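I have placed the structure first, in the form of structure tokens, so that the comments after it can refer back to it.
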Amino acid sequence: MKPIIAPSVLASDFANLQTEVEMLNESQADWLHIDIMDGRFVPNISFGFPVLQAIQRHAKKPLDVHLMIVEPELYIEQFREAGAEIISVHLEACNHLHRTIQQIKTTGAKAGIALNPHTSVQLLDDVIADVDLVCLMSVNPGFGGQKFIENTYRKIEALKNLIIARNSKALIEIDGGVNQQNAPLLLEKGADALVAGSFVFNSTDPLQTIANLKNQA
Ligand code: DX5
Ligand code: ZN
């Protein structure tokens, strides 16, 4: 099975957002990964609803929205209305994670949980059967262009075992520092979806880079 490729718009040229989104439309990307940062959960601020709506106006592919914000339950419906197909919240940001997962599903969006590098996948034991996606952060969230954390491979294996044990249909998404070098082993360990920001947008031929990620052996 070919992996799901989700280029991260965070690394795109915001002054030419329409052109960038149209490039992704033409590419072999499956989803557009959208990083929302609030300056509270993570030490950086990205963009909010007006920019997301502008992306949605041009995007022909599902928007995979990664919320790096505190109290995400306050904004779930608004993100859905702004075009999110998949909404991922951070386990570390949710006091009532089970309730927030149900809230996301009620909007009709797919529900994802993101985990920081230090958070054990075992904490998902009681909710894994309810979620559509787990986003394993392979960098500390907040910035694009960081170095991939090698411990991620071990986490994928543990998460895969948990998914099988609990008969879950959750997809495993890897986010941060993904490139052509680490992608094969990530897929071998069990990743279903790869997010790639700087590796795609800093390359000389983003269309080809996306195709290479999509079609590796
Ligand atoms: C990090 C974000 C990532 C980031 C990935 O906080 O969640 O999605 O945009 O960027 P790269 O691929 O450059 O690490
Ligand atoms: Zn992300």
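These numbers come from a predicted model, not from an experiment. Each ligand, and each atom within it, is numbered from 1 in the order the structure gives. Numbers here are sequence positions counted from 1.
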Query raised in the report: Which ligand 1 atoms, with their elements, are less than 4.0 angstrom from a heavy-atom of G144?
Result: 10 (O), 13 (O)
Requested in this report: For S198, counting its heavy atoms only, list the atoms of ligand 1 lying under 4.0 Å from any of them.
Outcome: 11 (P), 12 (O), 13 (O)
Report task. Determine whether the side chains of N25 and H58 contain a donor N or O and an acceptor N or O closer than 3.5 Å. Result -> no
**Report entry** Protein N, O or S within less than 2.8 Å of the Zn ion (ligand 2), waters excluded
**Finding:** H33 NE2, D35 OD1, H66 ND1, D175 OD2
Query raised in the report: Closest non-hydrogen protein atom to atom 3 (C) of ligand 1, residue and atom name please, with distance?
Result: D175 OD1, 3.0 Å
Report summary line: Ranked by distance from atom 4 (C) of ligand 1, the top protein heavy atom is D35 OD2, 3.6 Å
Query raised in the report: What atoms in ligand 1 come closer than 4.0 Å to a heavy atom of A196?
Result: 12 (O)
Query - G145: numbered ligand 1 atoms lying under 4.0 Å from its heavy atoms - result: 11 (P), 13 (O), 14 (O)
Query raised in the report: Of all the non-hydrogen atoms in the protein, which one sits nearest to atom 12 (O) of ligand 1, and at what distance?
Result: G197 N, 2.8 Å
**Report entry** Polar contact flag, side-chain donor to acceptor under 3.5 angstrom, D175-S138
**Finding:** no
Report task. Considering the heavy atoms of H66, write down every atom of ligand 1 situated less than 4.0 Å from one of them. Result -> 7 (O)
Report task. State whether D132 and K169 are salt-bridged, where the test is any N-O pair (Lys NZ or Arg NE/NH1/NH2 against Asp/Glu carboxylate O) under 4.0 Å. Result -> no
Query raised in the report: Going by an N to O cut-off under 4.0 Å, is there a salt bridge joining K214 and D30?
Result: yes
Query raised in the report: Pick from L186, V200, V195: which one makes a side chain to side chain contact (heavy atoms under 4.5 Å, CB included) with V178?
Result: L186
Query raised in the report: Using 30° and 60° as the class limits, which term best fits the ring planes of F47 and F14: parallel, tilted or perpendicular?
Result: perpendicular
Query raised in the report: Would you say A11 touches ligand 1, if touching means a heavy atom closer than 4.0 Å?
Result: no
Query raised in the report: Going by atom types alone, do H66 and D64 pair a side-chain donor with an acceptor below 3.5 Å?
Result: no
**Report entry** Aromatic ring proximity F148/F199, centre distance under 6.0 Å
**Finding:** no
Query raised in the report: Can Q53 and E81 be said to form a side chain to side chain donor-acceptor pair (under 3.5 Å), step by step?
Result: CA-CA 9 Å; Q53 283 156 351; E81 277 159 29; over 6 Å; no
Query - For ligand 1, the portion of S8 having any non-hydrogen atom under 4.0 Å away - result: side chain
Query - Per-atom contacts of ligand 1 with P141, taking only distances under 4.0 Å to non-hydrogen atoms - result: 6 (O)
Query raised in the report: When you check the side-chain N and O atoms of E150 and N182, is any donor under 3.5 Å from an acceptor?
Result: no
Report summary line: min-distance protein heavy atom vs atom 6 (O) of ligand 1 -> G142 N, 2.7 Å
**Report entry** Distance filter under 4.0 Å to M37 heavy atoms, resulting ligand 1 atoms
**Finding:** 6 (O)
Query raised in the report: Could a heavy atom of F143 be found less than 4.0 Å from some atom of ligand 1?
Result: yes
Query - Nearest atoms (heavy-atom pairs only) where E26 meets L207 - result: C-CD2, 4.2 Å
Query raised in the report: Residues in salt bridge (charged side-chain N to carboxylate O under 4.0 Å, His left out) with K160, at least two apart?
Result: none
Query raised in the report: Which ligand 1 atoms, with their elements, are less than 4.0 angstrom from a heavy-atom of G177?
Result: 11 (P), 12 (O), 14 (O)
Requested in this report: Indicate whether any N or O donor in one side chain lies under 3.5 Å from an N or O acceptor in the other, for S203 and T209.
Outcome: yes
